[in-house]
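To keep things clear, I will list the structure first and then write my remarks on it.
Keep in mind that the numbers below use all heavy atoms, side chains included, and drop hydrogens, waters and symmetry copies.
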Amino acid sequence: MENAMKIALVGRPSSGKSSIINALLQEERCIVDETDGTTMDSIVTDWCFKEQPIKLIDTCGLHKNFSYPGIRSPEFIEPGMGTKKAIRRAHVVVLCLDAVRHVK
């Protein structure tokens with residue numbers, strides 16, 4: 001899978017990143033729990049979609065008040081280096097948002 005497209009799922013803790021990967025794979029590959037911090041570092045899973053090899057990267061949650069180099073708006077921070085590395089290496093980065101969490 002060296003030529004695989006790398007897709008990183010990023011977002012705040014408990015925003016559904018692992019659930020989306022499980023849905024795509026149609027199996028319970030990633031641990032899903034409402035507790036923030038369930039995924040502590042990036043987890044890479046091989047997947048094939050329409051004969052295209054893909055590496056799905058489940059990342060740990062991003063947190064507010066982090067200044068990421070190259071990004072002018074300091075809105076997020078993450079506890080490990082895995083998410084930053086996944087963002088840099090991915091061909092596609094998917095931002096996952098929990099819409100229910102933001103409804104007032």
Report yes or no: does Lys6 contribute a side-chain atom to a donor-acceptor pair with the main-chain N or O of Ile87 at less than 3.5 Å? no

Do any N or O atoms from the side chain of Ser15 and from the backbone of Asp98 form a donor-acceptor pair under 3.5 angstrom? no

Would you call Ile7 and Ile54 a side-chain contact if the rule is heavy atoms closer than 4.5 Å? yes

Find the distance between CG (Asn3) and CD (Gln52) and round it off to the nearest 0.5 Å. 8.5 Å

Does any part of the side chain of Asp46, heavy atoms only, come nearer than 4.5 Å to the side chain of Lys55, both counted from C-beta? yes

Pairwise distance NZ(Lys85) to OG1(Thr59) - rounded to 0.5 angstrom: 14.0 Å

Treating Ile, Leu, Val, Met, Phe, Trp and Tyr as nodes and any side-chain heavy-atom pair under 4.5 angstrom as an edge, say whether Ile57 and Met5 lie in one connected cluster. no

Distance, nearest 0.5 Å, that separates CD1 of Ile21 from OG1 of Thr45: 6.0 Å

What distance separates Leu24 CG from Gln26 CD, expressed to the nearest 0.5 Å? 8.5 Å

Rounded to the nearest 0.5 Å, what separation is found between the CG atom of Leu56 and the OG atom of Ser18? 11.0 Å

Nearest heavy-atom pair of Gly11 and Leu95: which atoms, and what distance? CA-CD1, 4.0 Å

Linked, directly or transitively: Val94 and Val44 (ILVMFWY side chains, under 4.5 Å): no

Is there a path from Leu25 to Leu9 through hydrophobic residues (I, L, V, M, F, W, Y) whose side chains come within less than 4.5 Å of each other? yes

Measuring from Lys17:NZ to Asn22:CG, what's the distance to the nearest 0.5 Å? 12.5 Å

